[in-house]
Asker: 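Quick one: structure below, then a few questions.
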Amino acid sequence: MTDLTTLLEVGGPLAALGGGTAYTRAKYPAVYWSAVGGPISTARLLSSYASVMDACGLTVAPSRLRVLAVKATTRREVRPVPPRRGIIRPTSTGLRIRLRLAPGQEPADVAASAERLRHAWGVHAVYVTTVKPGVVELRLVGYDVLRRVRMPRRADSGFLRVPVALREDATPFVRDYRTVPHQLTLGATLSGKSMYLRHLIAGLAGQAVALVGIDCKRGVELAPFAARLSALATDPDEAAELLPVLVKEMEDRYDLIKERQGIAPGTPDEEITSDIWGLPESERPVPIVLFVDEVAELFLTATRKDEERRDEMVTQLIRLAQLGRAAGIHLEVCGQRFGAELGKGATMLRVQLTGRVCHRVNDEASAKMALGDIAPEAVHAACAIAPELPGLAVVGDTSGGWSRIRTPYLSLGDAAEICRESADLVPDLPALKPFRPDVPVHPAEIPAPATLPHPVTD
């Protein structure tokens with residue numbers, strides 16, 4: 001009886017500790033990793049590094065000098081040499097370690113063994129990046145960072161750079177309009193596409209950028225941000241009037257660049273430019289970001305007159321995508337469905353959109369339209385996105401690289417408030433003034449009614 005009582009006294013706290021650890025791991029993975037998972041994985045890595053590298057085929061035969069030195073000083077067996085390991089650097093989401101590859105090895109050899117390394121060291125994932133010739137960095141992620149997104153405190157933001165989501169390797173995904181001028185974003189209903197768009201607008205609201213919107217759902221997606229928009233079209237008819245104005249603005253900017261290119265004999269090379277970024281800051285027009293929501297609505301037609309209007313709008317969109325970058329005009333094209341069956345010009349427009357973001361879609365054809373021409377293996381990853389993970393997407397570009405990302409939650413009210421606070425940053429573009437949306441008065445800005453004095457009576 002005494003032994004049973006002692007067992008219960010000892011086992012109770014241990015069971016509580018184990019239950020608390022399991023609860024922390026499920027509900028607060030970052031805390032669990034910092035307190036338990038990180039030290040355990042570090043110990044595994046240090047104790048098994050050489051044997052794991054040998055099992056993964058990442059070792060090479062030792063040099064003759066090393067063999068002679070080992071035989072002369074000890075009687076140990078001469079073992080293959082693993083890549084030289086650097087200092088282990090812990091992070092809030094995992095570990096980082098640099099490896100110096102042995103002669104004859106390449107980064108692809110290490111990347112091919114990433115899954116084996118993940119199981120050997122007990123982490124969620126292992127990613128390999130090349131630092132410089134002969135040196136790679138292993139990024140060990142301790143838990144699924146996309147299950148509950150927490151953006152890093154330090155993100156590489158800047159002018160026309162917006163940290164909009166988190167990659168699966170725990171690094172921020174930054175939408176850089178200078179590097180990727182145009183992008184296609186696809187996603188079915190409730191897939192998180194609107195949240196992605198919300199983050200982009202909120203991130204650009206505080207910058208010296210003109211935001212223009214085409215929202216053929218009567219403006220329900222972009223109207224809350226009207227305080228920060230320079231122009232807004234809420235149906236195909238208004239879009240047909242707005243797009244020629246943007247094309248004319250692009251042509252005027254090219255005329256400005258050509259005037260600057262009037263090359264005189266003594267003109268320094270740094271003053272010769274082919275885009276607005278080479279112009280002096282005092283003469284440089286503000287960049288324009290055009291958001292097109294539900295792009296399929298611009299392609300749909302019912303009559304012959306609609307077909308003529310559609311052809312004109314698609315031609316203008318293609319012109320903006322082909323020539324707009326140098327004029328500082330960028331496109332963010334969004335939709336639920338995008339395919340060749342939309343009509344003439346759909347494929348040509350897609351080719352001009354360098355960046356691709358594919359949320360959960362309703363058919364494989366849409367995923368192929370977004371990612372099939374740049375990273376065929378990413379199509380399967382996009383089709384495997386579960387409905388219970390809104391905001392999860394596969395992002396790629398024309399370089400062929402792709403990764404999974406997830407956008408953190410941002411309420412519509414918070415995004416609209418950011419736009420209202422940045423309303424004074426709306427640039428002065430006379431050509432877009434007729435399309436400036438009406439901004440409803442916020443309830444907090446309505447003055448209270450004046451209080452009339454009341455006569456004093458008994």
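Throughout, residue positions are numbered sequentially from 1 according to the sequence presented.
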Asker: How long is the span from the CD atom in Glu332 to the CD1 atom in Ile201, to the nearest 0.5 Å?
Answerer: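 Between Glu332 CD and Ile201 CD1, I get 9.5 Å after rounding to 0.5 Å.
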Asker: Does the distance from a Lys or Arg side-chain N to an Asp or Glu carboxylate O, for Arg89 and Glu137, drop under 4.0 Å?
Answerer: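 Looking at Arg89 and Glu137, the cut-off is met.
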Asker: Quick check: does any side chain N or O of Gln105 sit under 3.5 Å from a backbone N or O of Ala102, one acting as donor and the other as acceptor?
Answerer: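 Yes; judged by distance alone, with no hydrogens or angles, the pair exists.
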Asker: Within the distance-only criterion (no hydrogens, no angle test), does the side chain of His182 pair as donor or acceptor with the backbone N or O of Ala321 below 3.5 angstrom?
Answerer: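 Here the side-chain-to-backbone pair exists.
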Asker: Ser47 side chain to Arg44 main-chain N or O, any donor-acceptor pair under 3.5 Å?
Answerer: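 Judged by distance alone, yes, a pair lies under 3.5 Å.
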Asker: Could you tell me the separation between the CG atom of Leu432 and the CG atom of Leu232, rounded to the nearest 0.5 Å?
Answerer: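 Answer rounded to 0.5 Å: 11.5 Å.
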Asker: Quick one: closest heavy-atom pair of Val128 and Ala111, and the distance?
Answerer: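 Reported closest heavy-atom pair: CG2-CA, 3.9 Å.
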Asker: Mind checking whether Leu197 and Thr185 have side chains closer than 4.5 Å, heavy atoms only?
Answerer: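 The answer is no, as the side chains (C-beta and beyond) never meet within the 4.5 Å cut-off.
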Asker: Surrounding CG of Leu190 (heavy atoms of other residues, nucleotides or ligands, distance under 6.0 Å), is the total greater than 12?
Answerer: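 Incorrect, the count does not exceed 12.
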Asker: Start with the C-alpha distance between Ile40 and Trp33, add both sets of side-chain angles, then the distance that settles side-chain contact (heavy atoms from CB on, under 4.5 Å), and finish with yes or no.
Answerer: CA-CA 9 Å; Ile40 292 177; Trp33 170 258; over 6 Å; no
Asker: Could you walk me through whether Val52 and Leu117 pass the side-chain contact (heavy atoms from CB on, under 4.5 Å) check?
Answerer: CA-CA 7 Å; Val52 168; Leu117 300 177; 3.6 Å; yes
Asker: What are the two closest heavy atoms between Cys216 and Leu298, and how far apart are they?
Answerer: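 Scanning both residues completely, I find the closest heavy atoms to be SG-CD2, 3.6 Å.
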Asker: Stepwise, does the side-chain contact (heavy atoms from CB on, under 4.5 Å) test hold for Val145 with His124?
Answerer: CA-CA 9 Å; Val145 296; His124 177 74; over 6 Å; no
Asker: Ignoring hydrogens, what is the shortest heavy-atom contact between Leu371 and Ala378? Give both atom names and the distance.
Answerer: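 Residues Leu371 and Ala378, closest heavy atoms: CD1-O, 3.8 Å.
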Asker: State whether Arg420 and Glu417 are salt-bridged, where the test is any N-O pair (Lys NZ or Arg NE/NH1/NH2 against Asp/Glu carboxylate O) under 4.0 Å.
Answerer: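 Salt bridge flag = yes for Glu417 with Arg420.
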Asker: Where the side chain of Gln207 meets the backbone of Gly158, is there a donor-acceptor pair that is under 3.5 Å apart?
Answerer: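 A pair under 3.5 Å: yes.
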Asker: Measure the spacing between CD1 of Ile276 and CZ of Arg325 and express it to the nearest 0.5 Å.
Answerer: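 Going from CD1 on Ile276 over to CZ on Arg325, the span is 9.0 Å.
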Asker: Please work out which of the three classes, parallel, tilted or perpendicular, describes the rings of Trp121 and Tyr49, given edges at 30° and 60°.
Answerer: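 Judged by the thresholds at 30° and 60°, the geometry between Tyr49 and Trp121 is parallel.
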Asker: Keeping the roles fixed (side chain from Glu168, backbone from Leu146), state whether a donor-acceptor pair exists under 3.5 Å.
Answerer: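 No, Glu168 side chain to Leu146 backbone: no donor-acceptor pair under 3.5 Å.
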Asker: Nearest 0.5 Å, what's the CZ-CG distance between Arg284 and Asp275?
Answerer: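 That separation rounds to 9.0 Å.
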Asker: Test Trp402 against Val379 for side-chain contact (heavy atoms from CB on, under 4.5 Å), laying out the working first.
Answerer: CA-CA 10 Å; Trp402 67 277; Val379 175; over 6 Å; no
Asker: So Leu243 and Ile214, do their side chains get closer than 4.5 Å, heavy atoms only?
Answerer: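 Sidechains of Leu243 and Ile214: in contact.
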Asker: List the atom of Ile257, the atom of Ala326, and the distance in Å for their closest heavy-atom pair.
Answerer: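 The answer is CD1-O, 3.9 Å.
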Asker: Quick one: closest heavy-atom pair of Ala327 and Met250, and the distance?
Answerer: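 Result for this residue pair: CB-CG, 3.8 Å.
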Asker: Please name the residue in the list Ile288, Val286, Val289 that meets the side-chain contact (heavy atoms from CB on, under 4.5 Å) test with Val209.
Answerer: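 Of the listed residues Ile288, Val286, Val289, the side-chain contact (heavy atoms from CB on, under 4.5 Å) partner of Val209 is Val289.
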Asker: Give a yes/no verdict on a cation-pi contact between Arg175 and Tyr177, requiring under 6.0 Å between NZ or CZ and the six-membered ring centre and an angle within 45° of the axis.
Answerer: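 That pair qualifies as a cation-pi contact.
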Asker: Partners of Arg360 by salt bridge (charged side-chain N to carboxylate O under 4.0 Å, His left out), sequence neighbours excluded?
Answerer: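 Residues passing salt bridge (charged side-chain N to carboxylate O under 4.0 Å, His left out) with Arg360: none at all.
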Asker: Side-chain contact, heavy-atom cut-off 4.5 Å: Leu58 with Ser113?
Answerer: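 The answer is yes, as the side chains (C-beta and beyond) meet within the 4.5 Å cut-off.
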Asker: Would you name the heavy atoms of Leu211 and Arg228 that are closest together and state the gap between them?
Answerer: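 So the minimum-distance heavy-atom pair works out to CD1-CG, 3.8 Å.
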Asker: Rounded to the nearest 0.5 Å, what separates atom CD1 in Ile385 from atom CG in Leu392?
Answerer: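 These two atoms lie 4.5 Å from each other.
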Asker: Any chance you could measure Met369, atom CE, to Glu364, atom CD, to the nearest 0.5 Å?
Answerer: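 Atom-to-atom, Met369:CE and Glu364:CD are 14.0 Å apart.
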Asker: Within a strict 4.5 Å, meaning less than it, do heavy atoms of the Arg350 and Arg356 side chains meet?
Answerer: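 A side-chain contact under 4.5 Å exists here.
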Asker: With a 4.5 Å cut-off on side-chain heavy atoms, are Leu389 and Arg406 touching?
Answerer: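 In contact.
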Asker: Side-chain contact, heavy-atom cut-off 4.5 Å: Leu323 with Arg253?
Answerer: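 Heavy-atom side-chain distance check fails, nothing below 4.5 Å.
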Asker: For the residue pair Val333 and Leu317, establish whether any side-chain heavy-atom pair is separated by less than 4.5 Å.
Answerer: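 A side-chain contact is absent here, since even the closest heavy-atom pair is not under 4.5 Å.
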Asker: Do the side chains of Lys193 and Asp293 get close enough for a salt bridge, i.e. N-O under 4.0 angstrom?
Answerer: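 Here Lys193 pairs with Asp293 in a salt bridge, since their nearest N and O are under 4.0 Å apart.
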Asker: Side chains of Val126 and Leu140: does their closest heavy-atom pair fall under 4.5 Å?
Answerer: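 Touching, per the 4.5 Å side-chain cut-off.
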Asker: Verify, without hydrogens or angle tests, whether Asp169 (side chain) and Tyr127 (backbone) share a donor-acceptor contact under 3.5 angstrom.
Answerer: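 Between the backbone of Tyr127 and the side chain of Asp169 there is no qualifying donor-acceptor contact (under 3.5 Å).
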